[in-house]
Amino acid sequence: MDIVLLRDKEGYYCVKCSFTGSAQDVEDAYTHFRSRFRLRGKRLALGNTRASLE
Amino acid sequence: MMVTVLHRPKAGDLYPLFRLQQDLAHGLGLKVSVMATWAALMEESIVSDLKHDSGEYGDELGLFFGDFACENFTRETGHVQNAFWLYAEDEKRHIASTLLERFRRCFGCAPRSVAGFYLDTSSLAIVRELCPTVEVAVACCFEEGVPTFHGTNNSWYLFNEGGHWGPWYPSKTHTLRPAENEEDALGIVAVPHLARDMVLSVESRGDFYSNHPPNVLRGKGNDGAECPYSLNLIDQCRAQEDYNHGFSYMNLFVSTPWLTHSMNFEESPEVACKLYRESLEYLAALRGQGAVSDMHLSEFGAWYKANRPIGGADVYLAKEILYGSGKDYIWYINPFLRVLIDTTQGGAIVDLRPYVGKAAGATGPDTPRLADGSYPFLIQSQRRTGFANHAFDGARTTLNVSLGDESFDLARCRTNCALLVRQNDAVTATLTPACVRFQNGIEVRIRTTYRFPGNNRIQIERAIEAPKTCGDLLLEEYVKGSYGRTEYPEDMHGIDLFVDGDTSATLEYNYRNRTLESKHAVRVGATIPQVNAEVSLEPLKRGDALGRAHEGFLFCPFYTLTLSRVVEPGKGMHTCLSVARIV
């Protein structure tokens, strides 16, 4: 499910779920989400995408 | 690798971003194919710019079948829906005529290429009929369907799962089914929109993970203002040359709303533009090294027609490159079937599309499928459970290995693709050995090899290495199927199960958990009239195989086909999984 964040004076709230939080809370959640992508900052060599013989 | 860079001008506030895209590509000397929208064609200044770019830089001018929704289009046609493929046939014809007439009036010629997010079979046929000069189309968004629908809170009605990840010849009955031959072909070359991540298109959303940098921002696969993953995906696409006689193709097609403030990602427009620029720069650098050839879309279509015969096959080795999981997926496609092997599940087939059934594929309110343009599956482990989760397992294949009372499901073993070899349209995929350790300490190594001869058959070889003292092993080749297009179970009534061997028997599916069985089996199978297809499993060496066909029940609405036999250490098992057309 996509979150749909709207802003009010307290911070952000989602109209599709019960999330509420500050800008920092949202950023922390995104950082946590990104943490699963361990290679997100790594440029791979072309050879890493090829099948290799054992 | 062959590359097409496509741009799509929108009128109004977004137009300067189109100019930015054009300037970047022209500055790098890249060939650009512009897919003009209705709104752009209604603006004289934009038309003038496009003519200038075409004259100055040689841009190809094509037509985009989407992005209609603007005031003058609604006034002209009465329509508000942007999705061309979801109109009734008479409306498609009216819209296509209107767009083509406007294009001709603006440029004095007819387009040779068109694009849309999905151009179903009637859309393509109508465009082809009204404009025979069109030879190539951007015609699908690979594997966008249920996950994208869910991810957009069930609001994005684009269902085109089950097609090709690369260029193909659409058939007359379903855009996504590759044509068998000239007679079966619609007469056009199709390419997908973008190069998708061929791992995360299965496990997640293809619209998050592709060579479209701002899409990756939405999927949060970037690292601040950097996104090496986008470039890694380009390289992964290049690597497919190794397995396809030196051929690979991708297009880069980013529209202007993705280069400005977006509710889809928190990064600034500057970051989105930077990442787009870096993709273009990388492609230009690769071209400079001779690793990439940039082509206009119609130029590529002509090349494809001249060099790739109708009825061929393609293979894709997808190595997972964002999580760092070490997973490999192997894709194979030909006009008879599409298959996906998950090496992390011991080499299980986790997606199987029986193109032999030639399912109808037109979409629109005047068609039985309405909005659903996906090609039906027999196996889809994400939509139909696959490996057991909360209760029973679902659609998948595996090998069950038993020693004494202990049984082991090969799907519990992580393997990789060790070797992928293609000769003409025949492909052999050899996996690294799966190691099975039984409780008595005996270790058995099982090496799986898939052979795709280029037709409707998949040969599966299981080579066994085990200590001579281990005793006989019981191997069971296991195929659990279903059918459908979405995640919800379909009505299985009408399906027949059968076994052939010492005895032959059939069973009408009625959710009663019954089993057919035959010794010295020569074939076990199921006929699924809902998709005009039969799926069967047969031993490639006659012998003492025990064949079973098992009916499911409502909490587990599947059919299961198995062949089992006792195997001595050092021997193996050879079977063949086939799909065939039933009328």
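As the structure is a computational prediction, the values presented were derived from the model and not from experiment. The sequence lines fix the lettering, A, B, ..., with proteins before strands; numbering per chain opens at 1. Below, each value reflects all heavy atoms present in this structure, side chains not excepted, and no hydrogens, waters or symmetry copies.
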(message) Under 6.0 Å from the ring centre and within 45 degrees of the ring axis: does the NZ or CZ of B/Lys220 meet both conditions for the six-membered ring of A/Phe37?
(response) no

(message) Could you check whether A/Arg40 makes a cation-pi contact with B/Tyr209, meaning its NZ or CZ is under 6.0 Å from the centre of the six-membered ring and within 45° of the ring axis?
(response) no

(request) Could you walk me through whether A/Arg36 and B/Glu203 pass salt bridge (Lys or Arg N to Asp or Glu O under 4.0 Å), step by step? (result) CA-CA 14 Å; A/Arg36 71 193 68 189; B/Glu203 300 177 356; over 6 Å; no

(request) State, with a plain yes or no, whether a side-chain heavy atom of A/Arg38 is found less than 4.5 Å away from one of B/Tyr323. (result) no

(message) Would you say that A/Val4 contacts B/Met263 through its side chain, given a criterion of any heavy-atom pair below 4.5 Å between the two side chains?
(response) yes

(message) Does atom NE2 (B/His245) have a neighbourhood of more than 12 heavy atoms from anything else shown, all under 6.0 Å?
(response) yes

(request) Kindly check if the number of other-residue, nucleotide or ligand heavy atoms within 6.0 Å of NZ (A/Lys42) is above 12? (result) no

(message) Rounded at 0.5 Å granularity, tell me how far CG in A/Leu44 sits from CG in B/Leu231.
(response) 10.5 Å

(request) Using atom types as modelled and distance alone, determine if a side-chain donor or acceptor of B/Asn222 lies under 3.5 Å from a backbone N or O of A/Gly41. (result) no

(message) Do the side chains of B/Asp235 and A/Arg43 get close enough for a salt bridge, i.e. N-O under 4.0 angstrom?
(response) yes

(request) Could you list all the salt bridge (charged side-chain N to carboxylate O under 4.0 Å, His left out) pairs where at least one residue sits in residues 425-434 of chain B, not counting sequence neighbours? (result) B/Arg422-B/Asp425

(message) For residues 324-331 of chain B, give me every residue with a non-hydrogen atom less than 4.5 Å from any non-hydrogen atom of chain A.
(response) B/Gly324, B/Ser325

(message) Under a 4.5 Å cutoff for heavy-atom pairs, which residue among B/Asp223, B/Asn416, B/Asn154 has the most contacts with chain A?
(response) B/Asp223

(message) Given heavy-atom pairs under 4.5 angstrom as the criterion, report whether the side chain, backbone, both or neither of B/Arg205 touches chain A.
(response) side chain

